[in-house]
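Just below is one structure, and these are the notes that go with it.
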Amino acid sequence: GGGTRLPTQKEALSILGCEGQGKVFRLAEIIAAACLALDISTGSAITANEFVRAHEQLGRNRPGKRLAWSDIDSSFFNTLFEDADVTVSKTSRYDLDTAGAVVSDVVRKNSREITGLFGYRLTLVNGPKDNPIDTVLKIKPGDRELINIGAQVARLTGEDTLSGLYEAQSQVFNIDNSNVREIAFYREADPRYKRFIPRIHGTRIDRSRRIYAILMENLSFCSHLHTVDTPEVWTTGQIESVLASLAAMHSVYWNRYADVPESMQIKALNTTDALRAEDLLRELTRFNASRYPELISPELRGVLDKTLSGLPEFIGELAGHPMTLTHNDFNPRNICLRPTSDGLSPVVYDWELSFFQNPQHDLIEFLIFILDPSEQVDAVRHFSEFYTKHLKTHTGDDFSNNGFDRVLWLNAVHLALFRFNLYLLGHNILKFTFIERVYRNLSNFILSWGQG
């Protein structure tokens with residue numbers, strides 16, 4: 001009965017291994033397992049408060065709510081402006097240089113939604129004297145879209161194990177909630193950050209329409225924009241200006257994780273999260289070492305493998321030293337210099353990967369992007385001492401040079417295992433122009449600095 005002897009039905013049963021006498025219980029087990037899997041998935045979604053939201057966003061019978069270009073008008077900007085006395089009366093688009101927005105460009109090309117950076121000239125009523133004003137509208141993709149882009153890149157490697165691990169353990173890269181983290185940072189962070197970040201005119205989160213928007217000043221008048229491939233333009237004085245500002249920023253939440261607003265969804269360095277992704281980190285290291293032997297030498301591979309073998313102790317040692325809120329993507333792709341009456345002042349943007357960890361993480365990342373490899377060790381020591389002096393001034397803490405140097409080295413290894421393993425994976429497809437130079441700097445530092 002049930003049509004099981006019809007050709008198509010019989011073929012399907014054969015594929016399942018359920019065709020013929022005595023296979024009815026196997027078929028029942030498969031049906032039961034499928035039903036149980038669906039119930040577990042649904043129950044998990046309800047428990048995580050994602051069930052209703054997923055249906056609102058992805059339900060096939062829902063009317064289209066996604067943001068359209070026609071929606072971005074005066075009314076849209078009036079909902080963004082924090083200053084209730086300011087009214088936007090007119091808007092017009094202008095071309096914006098987005099040379100540094102590599103990931104945003106990739107997401108935009110692979111998304112049905114409006115995402116990226118867009119220039120808008122706004123005419124204001126009761127606004128500033130300079131009217132109209134040029135602004136940048138940043139519409140962020142959802143964190144799931146970013147995770148999916150990474151999963152697609154992993155699948156394109158042809159490594160089934162790697163792609164499977166990425167989809168299961170990618171949370172270790174701090175991408176989840178990145179779409180709201182930057183907005184919450186601009187809304188809720190301590191006011192002392194304001195002199196180091198772009199002027200924010202307003203923000204908007206509309207989960208039902210998947211709108212995550214930031215309206216900020218246009219920084220094109222600043223110098224050192226998009227200098228990731230031209231580190232030679234950075235003078236010693238300009239590097240020191242950035243590091244002095246970095247020390248001031250790091251002092252704001254110095255050893256005070258409990259004071260970071262919960263809305264910012266800032267994770268803190270911990271052993272549990274790292275261990276959950278240990279298999280992914282091992283597989284990424286293996287793949288990248290085989291794919292880029294000219295970058296990951298046997299000596300460096302040995303350091304990375306040894307660290308992975310003692311991952312709990314490694315993370316535990318990092319967490320045992322002072323920690324603070326870090327930018328966690330602190331390099332010339334996200335830094336420029338604002339002209340002021342006192343000279344050039346750093347502006348730091350793109351805070352979506354913010355993380356609570358050792359301040360040395362931001363320091364070493366900035367230095368490997370900026371410095372000449374041939375002079376690196378001496379230069380790192382000079383700038384490290386300069387930064388430490390300013391950090392001591394702001395925090396009152398005294399730092400042992402040996403202890404600070406050790407944690408600086410540990411954070412370089414952490415960068416190689418976590419951030420740069422991901423960079424190299426993306427480099428297969430995206431071809432980052434800076435990656436080989438910067439990775440060599442990182443490798444040279446790890447191998448020449450020793451272990452602090």
Let me see the working for D229 and R333 under salt bridge (Lys or Arg N to Asp or Glu O under 4.0 Å), right down to the final yes or no. CA-CA 9 Å; D229 292 319; R333 297 168 65 225; over 6 Å; no
Looking just at side-chain N and O atoms, do Q357 and T326 make a donor-acceptor pair shorter than 3.5 Å? yes
State plainly whether the residues D176 and K267 are in salt-bridge range, i.e. N to O under 4.0 Å. yes
Any chance the side chains of N421 and T285 put a donor and an acceptor closer than 3.5 Å? yes
Verdict with supporting geometry, E436 and K431, salt bridge (Lys or Arg N to Asp or Glu O under 4.0 Å): CA-CA 10 Å; E436 293 187 8; K431 303 302 179 187; over 6 Å; no
So does E145 pair up with R210, basic N to acidic O under 4.0 Å? yes
Take atom CG in D39; do more than 12 heavy atoms of anything else shown fall under 6.0 Å from it? yes
Between E278 and R282, is there a salt bridge with N-O shorter than 4.0 Å? yes
When you compare the side chains of D362 and H250, does any donor N or O come within less than 3.5 Å of an acceptor on the partner? yes
Are R286 and D305 ion-paired here, with the side-chain N under 4.0 Å from a carboxylate O? no
Donor on one side chain, acceptor on other, N288 and Y439, under 3.5 Å: no
With distance as the sole criterion, is a donor-acceptor pair present between the side chains of S354 and N328 under 3.5 Å? no
Side chains of D329 and N331: do they bring a donor and an acceptor to under 3.5 Å? yes
If you measure only the distance, is there a donor-acceptor pair under 3.5 Å linking the side chains of R187 and T203? yes
Do the charged groups of E352 and K138 touch, with an N to O distance under 4.0 Å? yes
Do D273 and N270 have a side chain donor and acceptor closer than 3.5 Å? yes
Going from CG on D206 to CG on L67, what distance comes out if it is rounded to the nearest 0.5 angstrom? 9.5 Å
